[in-house]
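Before any comments, here is the structure.
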Amino acid sequence: MAAGGERLQKYMARAGVASRRRCEQMILERRVRVNGRVVDELGTRIGPGDKVTVDGAALEPGSREYHLLNKPAGVISAASDPRGRRTVTELVPSAQRLFPVGRLDRDTTGLLLLTNDGGLAHRLMHPRFEVDKVYRVEVEGILSEGSLERLRSGIRLEDGVTAPAQVGRVSVHGGATTIELTIHEGRKRQVRRMMESLGHPVISLHRSGYAMLTDRGMAPGDSRVLSEREVRLLKQLAGKGAR
Ligand code: URA
């Protein structure tokens with residue numbers, strides 16, 4: 001262990017284990033070993049040649065991966081599922097332990113980032129840096145101009161008023177309405193709850209945009225690796241380097 005090396009929790013986050021804060025908890029839970037010895041102090045520093053394991057698995061910082069998936073319906077947004085249901089990580093080929101950045105409901109389709117970069121994932125999900133998400137939302141009934149206005153100004157839900165949304169491109173078809181809704185918050189089942197509170201339950205929900213990324217050219221179930229430029233842009237959006 002090196003006196004001037006990198007703090008253990010930072011090293012772990014860089015290796016994609018989890019956010020720095022979660023890594024601190026894992027250290028305190030005595031799940032982390034350095035050179036074979038359990039470490040439960042947050043001040044520990046790691047230098048070249050030190051071997052770190054978490055729950056017995058060796059860490060290899062540096063091999064960070066960033067994938068974009070067009071999630072099909074019926075798949076769980078989790079790294080694993082105790083009930084054995086199909087998860088998004090099964091759809092993305094990688095030797096790394098990836099996890100999704102945020103969640104889409106099981107029946108929601110569309111864009112989901114998967115990475116082993118715990119630091120970036122944490123920032124992208126942080127309310128301070130929430131990036132724009134574009135949803136194509138099909139709802140029951142015909143949405144009135146008043147309902148669209150309420151979406152634009154904010155809707156009172158049980159966990160508070162939603163931030164103003166952008167609403168665009170409306171089509172009406174056979175007693176249903178499709179809108180494009182852009183929000184930057186990421187509350188649980190937010191779009192479904194917003195539409196329910198307007199009296200228009202969601203028929204289908206698809207995330208077609210995430211920050212500067214779109215689903216153009218991606219069929220359901222397709223995934224691709226982000227380019228270096230895309231990763232750089234996401235890091236800028238997530239304020240990396242700002243703290
Ligand atoms: N809002 C929802 O209600 N569900 C999702 O999956 C995503 C956003």
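Order of listing sets the numbers, starting from 1, for every ligand and every atom in it. By convention here, the first residue in the shown sequence is residue 1.
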> Who's the nearest protein heavy-atom neighbour of atom 4 (N) of ligand 1, and how far?
Replying inline: D105 OD2, 2.7 Å
>> Using a 6.0 Å cut-off, check whether atom CD of E228 has over 12 heavy atoms from anything other than its own residue.
In response: no
> In the protein, what heavy atom is nearest to atom 8 (C) of ligand 1, and what distance, to one decimal place, separates them?
Replying inline: Y135 OH, 3.4 Å
> For T108 and R192, which heavy atoms make the closest approach, and how far apart are they?
Replying inline: OG1-NH2, 2.8 Å
>> Counting only heavy atoms closer than 4.0 Å, does ligand 1 sit against the backbone of T108, its side chain, both, or neither?
In response: side chain
>> Below 4.0 Å, non-hydrogen atoms only: which portion of L205 touches ligand 1? Side chain, backbone, both or neither.
In response: side chain
>> Between D159 and R193, does any NZ, NE, NH1 or NH2 come within less than 4.0 Å of an OD or OE carboxylate oxygen?
In response: yes
> What residue and atom, counting heavy atoms only, is the protein's closest point to atom 1 (N) of ligand 1, and at what distance?
Replying inline: V191 N, 3.1 Å
>> Under a 4.0 Å threshold between the charged nitrogen and the carboxylate oxygen, would E149 count as salt-bridged to R152?
In response: yes
> Is any NZ, NE, NH1 or NH2 atom of the basic residue among E230 and R224 found under 4.0 Å from an Asp or Glu carboxylate oxygen of the other?
Replying inline: yes
> Which ligand 1 atoms does Q190 reach within 4.0 Å, using its non-hydrogen atoms?
Replying inline: 1 (N), 2 (C), 3 (O)
